[in-house]
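This report refers to the structure that appears directly beneath it.
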Amino acid sequence: MWVLQSHQIIQPAQFLSHRCYTCNGSSRPQLCFLTLNPSTSTSKANKNNNHLIQSLCRQGNLKQALQVLTNEPNPTQQTYELLISSCAHQHSLSDGIHVHRRLVDSGFDEDPFLATKLINMYSELGSVDHACQVFDDTRDKTIYVWNAIFRALAIVGRGEEVLHLYGQMNWIGIPSDRFTYTYVLKACAASEDLNLPLQKGREIHGHLLRHGCDGNVHVMTTLLDMYARVGSASYASSVFSAMPIKNSVSWSAMIACYAKNGMPIKALELFHQMILEEHDSYPNSVTMVSVLQACAALAAFEQGKMIHAYILRRGLDSILPVLNALIVMYGKCGELALGQRVFDQMKRRDVVSWNSLISNYGMHGFGKRAIQIFDKMINQGVSPSRISFISVLGACSHAGLVEEGNFLFESMVSKYNMHPSMEHYACMVDLLGRANRLDEAIKLMDNMHIEPGHQVWGSLLGSCRIHCNVELAERASSVLFELEPRNAGNYVLLADIYAEAKMWDEVKRVKNLCEARGLLKVPGCSWIEVRRKIYSFVSVDEINPQIEQLHAFLTKLANEMKEQGYATQTKEVLYDLEEEEKERIVLGHSEKLAVAFGLINTSKGETIRITKNLRLCEDCHSVTKFISKFANREILVRDVNRFHHFKNGFCSCGDYW
DNA sequence: ATAGGGTTAG
């Protein structure tokens, strides 16, 4: 932790004088800037040496440049400038430190220009603490110096320190400029330790308005993005509409905001507005990545295909992130073969391309295939990333491949020298727990080298839900209520488990606890795309104009099913009600409404594609299996975890989900 | 001398 020392806070008048306020001029008498000005050297040899160092730096020959430096008593500012940028370019921290030392010896540590360069160099070399040291040692802190340290700290997420220093800068009376605002806003958004990023961000918003920066595209886009990152899409959108000048970056930032904050329909609407409205901002590859993400989130296959065609027309189909996003989009629309085709046709692939393909197969329950692709990636010399392991372990989990998953998990350390993170442990607990090997899951948790976090306990609780283990669920949820008291999902899971065990008093207790803490259960919501339009359904929907028709359809279907010996699975209903009433509630589940809507509004032979924001309930699962046979339709449902491909009375998950 | 948006998992 590094902060500006309290004795360094000084009054503006004092700050402007060149007297050292830290030591009152006593500590570095040898560094008097005026008497030892290196530029006063006129020797021809020196001049040549300086030129030589500079040209060596320009050629990228840092080592030789440093050798010449040892014979040069009076390097110039420009020489240092080139040396510093060369060290950054060559990624050599040790050389950077060496140049810095020489620079101090030459008395250039009073030069704010070089201090700025040094801070940027250290930031690029990953040593922010060195950068802070330079900042501390620089008495004449110009706005460039301040901005450089803000940038360095913001990049590594030390937002709290940026804001602390920003406060000091304001107090001293140094005016911010447009660059300052971009860094400080980034610090709000990227801060890991900031309590109230939104509040702080709004404060900076006020400052920049007072400084008249509201016409600057860079500042305003950063502001928009800051609101997006702290989850305030509505603030972001009001900044966006207030912007007098917008460019492609501002449009992309706004689209990305919607795509990332669970508003994919708005993202697509804004994209269409971007294309149709008269202005100079055209979508580029970055825009398209967010648009594809929105299609993926909605499983909007028709839209996705149109966007793909647009990408081809605009010649954006050679850009790696765009192609990767296409693989994901097709995968999340249930079109594995199309995702594979994009992958096969790529001229270059990176680890993200491989990971995307692995998780596509994993999501669809093709665990063995996912492992094969993982192995193929290794064989082609691509080193797996942390996410590669999360993807492949997730694939094992969906397919119940416990031994394979264990093997891969062990190989992480033994073969790839990678230490499993919290997420990896969460995957393993999920894998073991789903397979009803809860004892092994607990054992793994006991042997973790880090304290198990909410992800891990959450996986365990999810497994308890599947296997209705009340005792373990109580243990897991008591930890979770401590770790993330505001996550309503945990309360719902526990209540589900109690309900299944018919422990109605306990159900009530958990529901009351949830209510007392002011938490709302996330409503079940499903989406379906019909003729390029997206329709959404929430459970017990009364807004949809076809709702009567849908209910009639479902009731008729339910009767039909009963005649064929099907019993409604009502155990997921959280109330102790009459069976008939429970059936009515289960009948109103959003995914059933969406399935019914799809059947009514599409033609025979058309695949029905549905996404759901929660896990598919057991009754919906068996009803959809029934419908797929009864109506002879393929139905694809993607829930939060994975795909269910219903066909001819069976589901691709093999009832393991 | 310094600035803004995007990809993989759960």
Side-chain angles (χ1 to χ4, degrees), chain A residues 81 84-85 112-120 123 142-152 154 177-186 189 213 216-226 228-229 236 240 243 246-257 259-260 281 283-294 296 316 319-329 331-332 349-360 362-363 384-395 397-398 421-424 426-427 429-430 454-456 458-459 462 640-642:
Chain A
E81 182 195 350
I84 291 167
S85 54
F113 174 83
L114 289 179
T116 307
K117 292 280 176 199
L118 276 172
I119 293 172
N120 290 336
S123 164
T142 61
I143 190 66
Y144 290 103
V145 176
W146 284 99
N147 286 347
I149 199 68
F150 291 153
R151 175 173 179 264
D177 65 8
R178 57 197 196 281
F179 295 93
T180 316
Y181 289 118
T182 61
Y183 300 132
V184 175
L185 287 167
K186 251 206 160 24
C213 282
N216 182 292
V217 194
H218 284 264
V219 172
M220 293 312 270
T221 307
T222 316
L223 179 67
L224 184 168
D225 185 57
M226 180 277 296
R229 279 177 209 272
F240 181 72
M243 283 173 75
K246 299 181 182 82
N247 59 20
S248 298
V249 181
S250 351
W251 282 90
S252 301
M254 195 62 228
I255 292 172
C257 168
K260 280 202 190 120
S281 309
N284 56 25
S285 63
V286 179
T287 325
M288 298 323 294
V289 169
S290 292
V291 174
L292 287 170
Q293 264 185 318
L316 298 169
I319 291 160
L320 200 47
V322 173
L323 293 167
N324 291 341
L326 272 171
I327 298 174
V328 175
M329 183 276 290
K332 292 205 168 167
R349 300 180 187 111
D350 62 3
V351 69
V352 178
S353 326
W354 288 95
N355 292 349
S356 305
L357 198 65
I358 291 168
S359 58
N360 274 2
M363 239 184 345
S385 65
R386 317 191 67 78
I387 294 178
S388 309
F389 281 101
I390 294 174
S391 308
V392 75
L393 290 174
S397 182
H398 294 314
S421 69
M422 198 66 86
E423 281 84 1
H424 297 108
C427 287
V429 169
D430 187 74
H454 65 89
Q455 306 91 327
V456 178
S459 290
V640 264
N641 294 321
R642 58 163 296 150

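Proteins come first, then strands; the chains are lettered A, B, ... in the order of their sequence lines, and each starts at number 1.
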Checking all strands, does Val217(A) fall into the base, sugar-phosphate, or nothing category for heavy-atom contacts under 4.0 angstrom? base

Give one of base, sugar-phosphate or nothing for Asp225(A), where a contact means two heavy atoms less than 4.0 Å apart. sugar-phosphate

What's Ala426(A) touching, base or sugar-phosphate or nothing? Going by heavy atoms closer than 4.0 Å. nothing

Tell me, please, the opening and closing nucleotides of DNA chain B, 5' to 3', among those with an atom under 4.0 angstrom from a non-hydrogen atom of chain A. dA1(B) to dG10(B)

Describe the nucleic acid contact of Thr287(A) in one word from base, sugar-phosphate, nothing, applying a heavy-atom distance below 4.0 Å. base

Does Thr180(A) reach a base, just sugar-phosphate, or nothing at all? Heavy atoms under 4.0 Å. nothing

Which is true for Asn284(A) with a 4.0 Å heavy-atom rule: it touches a base, it touches only sugar-phosphate, or it touches nothing? base

Check every strand shown and say whether Ser359(A) touches a base, only sugar-phosphate, or nothing at a heavy-atom separation below 4.0 Å. sugar-phosphate

Would you please name every residue forming a salt bridge (Lys or Arg N to Asp or Glu O under 4.0 Å) with Arg229(A), sequence neighbours left out? Asp225(A)

How is Asn216(A) classified with respect to the nucleic acid when contacts are heavy atoms under 4.0 Å: base, sugar-phosphate, or nothing? base

Looking only at non-hydrogen atoms, find the nearest pair between Lys332(A) and Ala296(A) and report the distance. CB-O, 3.6 Å

Please work out if Glu81(A) contacts a base, only the sugar-phosphate, or nothing of the nucleic acid, heavy-atom cut-off 4.0 Å. nothing

With Ser353(A) via side chain to side chain donor-acceptor pair (under 3.5 Å) - residues at least two apart: Asn324(A), Asp350(A)

Exercise: identify the closest heavy-atom pair between Ala426(A) and Val456(A): N-CG2, 3.9 Å

So, taking the atom named CG in Asn247(A) and the one named CE in Met220(A), what distance separates them when rounded to the nearest 0.5 Å? 12.5 Å

What pair of heavy atoms forms the shortest contact from Thr287(A) to Ser252(A), and how long is it? OG1-OG, 2.8 Å

Applying a 4.0 Å non-hydrogen cut-off, can you work out what Lys260(A) is touching in the nucleic acid: base, sugar-phosphate, or nothing? sugar-phosphate

Please work out if Arg229(A) contacts a base, only the sugar-phosphate, or nothing of the nucleic acid, heavy-atom cut-off 4.0 Å. sugar-phosphate

When we call it a touch if two heavy atoms are under 4.0 Å apart, what does Val328(A) touch: a base, just sugar-phosphate, or nothing? sugar-phosphate

Hey, does Arg178(A) reach any base, or is it just sugar-phosphate, or nothing, if we go heavy atoms under 4.0 Å? base

Under 4.0 angstrom, heavy atoms only, what part of the nucleic acid is Ser285(A) near: base, sugar-phosphate, or nothing? base

Check Thr180(A) against Phe150(A) and note the closest heavy-atom contact, atom names and distance. CG2-CE1, 3.6 Å

